[in-house]
Amino acid sequence: MAEVRLHQVNKVYQGRTPSPKAWWEFWKSSSVPSQVHIVKNAELKIKDGEFVVLVGPSGCGKSTTLRMIAGLEDATSGEIVIGDRVVNNVSPKERDIAMVFQSYALYPHMTVFENMAFGLRLRNLPNHEIETAVKQASELLGLDKLLQRKPKELSGGQRQRVAMGRAIVRKPQVYLMDEPLSNLDAKLRVQMRAELQKMHRRLGVTTVYVTHDQVEAMTLGDRIVIMKDGIIQQADSPLNLYERPSNLYVAGFIGTPSMNFIPVTLQDGELVASGFRVPLPEDRKAEVAAYNGKALVLGLRPTDLTDDPSALTMQANVDVIEPLGSENYLYCTVGKDLVAARVDGRSSVRAGDSVTLGFKPEQFHLFDAASEQAISHARSGKSEGA
């Protein structure tokens, strides 16, 4: 096992020269980028044995970051360290890592045993060592009764376990996983998440996992690294990301439904929005006193905004109701703003109703509208140490 460190890592792709056919379109455009900056000054330390998830929308740089750690992409600048070695100029096969891809990448003509043993045979290990390693990995993943089957005889979940087993038998310092569950159906993904958690507890190997699914990230990661436009926005524990997001992007990315954002202005100790005004609690006035008269953004989790009026309230018109059995989500209009609120599944509220939504004074976040950085967090929970 080993820790992984990224120090000021950048990845820049050089732009292509336009073809003669496309020259006119390029000439008409105001500017033609000569390069594309995919990963920007990535600074990250992954502890030995830690399970870290890189998450963000398509194109944010998370898979490129993983591929640079693997050696499948060269870093344009910066250092990548695995264990005690700078590996920028080390070939992928010499980095002592194992990668699991989105596609299973199994050899169709080989059995499960042969697929899992393939990498070990390339290293010319003795047969008895190969058999022992495959047996241990297959028992861990519940594949011991499937070793003589070929990939076409397996379900999607079984094929993904074989792909993971092929990585496990190598006993590398680091596992790298690039959206390995994205091809599975919803129920199977839940099952495979549990398998991954058990596997990591048993093996304790440093793991870097890429996904665009925030639920996957929250349930698997010891720490989550949220990326946007090639920049690491925040790297923290799941609880801290949820309760202490560093900016509007992180706050909106984590949580389903996402956090409500309501433009407000701080005026003499009150938050003034288009459809309501509420006084700030005394213990939070000093924290935001410097922002008096400035544009802010009020952040409220739908789970903290209910139809049970409490200290702070707002009037809302219900547009849509999403019933989920034990609870309903109301999608409402408050002045000029749209908000989501959670209510009891047996609530009598109907679409078109006018309701009073309430939230407790300690349950909201405030962000600077200009910089989008957090300036005050909810007090509803206890944060973990990063």
TODO: Kindly determine whether Leu357 and Thr306 satisfy side-chain contact (heavy atoms from CB on, under 4.5 Å), including the steps that lead there.
DONE: CA-CA 5 Å; Leu357 299 177; Thr306 73; over 6 Å; no
- [ ] Begin with the C-alpha distance, continue with both residues' side-chain angles, and end with the deciding distance and a verdict on side-chain contact (heavy atoms from CB on, under 4.5 Å) for Val100 and Gln160.
- [x] CA-CA 9 Å; Val100 181; Gln160 192 56 270; 3.6 Å; yes
Open item on the list: Between Glu3 and Arg5, is the salt bridge (Lys or Arg N to Asp or Glu O under 4.0 Å) condition met? List the steps.
Closed with: CA-CA 7 Å; Glu3 70 175 23; Arg5 300 192 304 278; 2.4 Å; yes
Open item on the list: As a quick check of understanding, evaluate side chain to side chain donor-acceptor pair (under 3.5 Å) for Asp178 and Ser63, giving each step before the final call.
Closed with: CA-CA 7 Å; Asp178 191 2; Ser63 289; 3.1 Å; yes
TODO: For salt bridge (Lys or Arg N to Asp or Glu O under 4.0 Å), just list the numbers for Lys11 and Glu73, CA-CA rounded to whole Å, side-chain angles, deciding distance to a tenth of an Å, and then say yes or no.
DONE: CA-CA 9 Å; Lys11 179 62 180 179; Glu73 298 273 3; 3.7 Å; yes
Open item on the list: Pair Asp74, Met68 - check side-chain contact (heavy atoms from CB on, under 4.5 Å), show working.
Closed with: CA-CA 6 Å; Asp74 293 328; Met68 286 192 290; over 6 Å; no
- [ ] Would you sort out whether Ser376 and Glu287 count as a side chain to side chain donor-acceptor pair (under 3.5 Å), showing the intermediate values?
- [x] CA-CA 7 Å; Ser376 179; Glu287 195 173 28; 2.8 Å; yes
Task: Steps toward salt bridge (Lys or Arg N to Asp or Glu O under 4.0 Å) verdict (Lys150, Glu153) - done: CA-CA 6 Å; Lys150 291 187 176 179; Glu153 301 173 284; over 6 Å; no
Open item on the list: side-chain contact (heavy atoms from CB on, under 4.5 Å) for Glu270 and Leu280? Distances and angles first, verdict last.
Closed with: CA-CA 5 Å; Glu270 287 190 321; Leu280 270 176; over 6 Å; no
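Cluster partners of Val12, using a side-chain heavy-atom cutoff of under 4.5 Å among ILVMFWY residues and allowing indirect links: none.
Put simply, the side chain of Glu243 never gets that close to the backbone of Asn240: no donor and acceptor are under 3.5 Å apart. The backbone N or O of Lys47 sits less than 3.5 Å from a side-chain atom of Glu50, completing a donor-acceptor pair. Between the side chain of Ser182 and the backbone N or O of Glu179 there is at least one donor-acceptor pair closer than 3.5 Å. Gln363 places no side-chain N or O within 3.5 Å of a backbone atom of Ala378 that could act as its donor or acceptor partner. Side chain of Thr207 to backbone of Val205: a donor-acceptor contact under 3.5 angstrom is found. Side-chain atoms of Asn88 come within 3.5 Å of backbone N or O of Gly78 as a donor-acceptor pair. Using modelled atom types, one side-chain atom of His37 and one backbone atom of Val39 make a donor-acceptor pair closer than 3.5 Å. Judged by distance alone, with hydrogens and angles left aside, the side-chain atoms of Arg244 form no donor-acceptor pair with the main-chain N or O of His377 at under 3.5 Å. In this structure, Gln158 contributes its side chain and Ser155 its backbone to a donor-acceptor pair below 3.5 Å.
Counted within 6.0 Å of NZ on Lys135, heavy atoms from surrounding residues, nucleotides or ligands total 12 or fewer; the atom is thus considered open.
A side-chain N or O of Thr356 and one of Gln315 form a donor-acceptor pair less than 3.5 Å apart. For the 3.5 Å distance criterion, the side chains of Asn292 and Gln267 fail to qualify, holding no donor opposite an acceptor. With hydrogens and angles left out, the side-chain atoms of Gln8 and Glu43 include a donor and acceptor closer than 3.5 Å. No side-chain donor from either of Asn10 and Thr76 sits under 3.5 Å from a side-chain acceptor of the other. Side-chain contact annotation: Thr256 with Gln214, donor-acceptor N/O pair under 3.5 Å present. Judged by distance alone, the side chains of Asp337 and Ser274 do bring a donor and an acceptor atom under 3.5 Å apart. Checked by atom type, the side-chain pair Thr132/Glu129 shows no donor-acceptor distance below 3.5 Å. Checking Asp344 against Ser347 by side-chain atom types alone, no donor-acceptor pair falls below 3.5 Å. For the 3.5 Å distance criterion, the side chains of Arg121 and Asn127 qualify, holding a donor opposite an acceptor.
Hydrophobic clustering, with ILVMFWY side chains joined whenever heavy atoms are under 4.5 angstrom apart, keeps Val318 apart from Tyr331. Cluster annotation: Val55 is connected to Tyr249 through the hydrophobic network of ILVMFWY side chains, with a link wherever side-chain heavy atoms come within less than 4.5 Å. The hydrophobic clustering, which links ILVMFWY residues whose side-chain heavy atoms are closer than 4.5 Å, places Tyr13 and Val9 together. Cluster membership check: Ile168 shares its hydrophobic cluster with Leu106, using side-chain heavy-atom separations under 4.5 Å among Ile, Leu, Val, Met, Phe, Trp and Tyr. Criterion: ILVMFWY side-chain heavy atoms under 4.5 Å apart, direct or through other members. Under it, Tyr242 and Leu298 are not part of a common hydrophobic cluster.
Between Leu188 and Gln191 there is a side-chain heavy-atom pair separated by less than 4.5 Å. Side-chain contact between Arg149 and Phe113 is absent, with no heavy-atom pair separated by less than 4.5 Å.
The line from OG1 of Thr206 to CD1 of Ile46 is 8.0 Å long, rounded to the nearest 0.5 Å. Distance check: Lys62 NZ to Leu54 CG gives 9.0 Å after rounding to the nearest 0.5 Å. Atom-to-atom distance recorded for Gln136:CD and Glu131:CD is 12.0 Å, nearest 0.5 angstrom. The CD1 atom of Ile97 sits 5.0 Å away from the CG atom of Leu176 when rounded to the nearest 0.5 Å. The CE atom of Met116 sits 6.5 Å away from atom CG of Leu147, with the distance rounded to the nearest 0.5 Å. The CG atom of Leu120 sits 9.5 Å away from atom NZ of Lys171, with the distance rounded to the nearest 0.5 Å.
The side-chain contact (heavy atoms from CB on, under 4.5 Å) test applied to Val334 returns Phe276, Met314, Ala316, Val339, not counting sequence neighbours. Under the ring-ring contact (aromatic ring centres under 6.0 Å, His included) criterion, Phe51 pairs with His200, Tyr209, not counting sequence neighbours. Every residue meeting the salt bridge (Lys or Arg N to Asp or Glu O under 4.0 Å) condition with Glu327, not counting sequence neighbours, appears here in chain and number order: Arg342. For Tyr107, the side-chain contact (heavy atoms from CB on, under 4.5 Å) partners are His109, Met110, Asn115, Phe118, Arg166, not counting sequence neighbours.
Considering Asp222, Val53, Ile224 in turn, Ile224 is the only one that fulfils the side-chain contact (heavy atoms from CB on, under 4.5 Å) rule with Pro238. Among the candidates Val272, Val264, Ile262, the single residue satisfying the side-chain contact (heavy atoms from CB on, under 4.5 Å) test with Leu296 is Val264.
Pairs engaging residues 200-221 under the salt bridge (charged side-chain N to carboxylate O under 4.0 Å, His left out) rule: Arg189-Asp213, Arg189-Glu216 [sequence neighbours left out].
The cationic atom of Arg301 (NZ for Lys, CZ for Arg) does not lie both less than 6.0 Å from the six-membered ring centre of Phe359 and within 45° of the ring axis. Taking the centre and axis of the six-membered ring of Phe364, the NZ or CZ atom of Arg284 falls inside the cone set by 45° and 6.0 Å.
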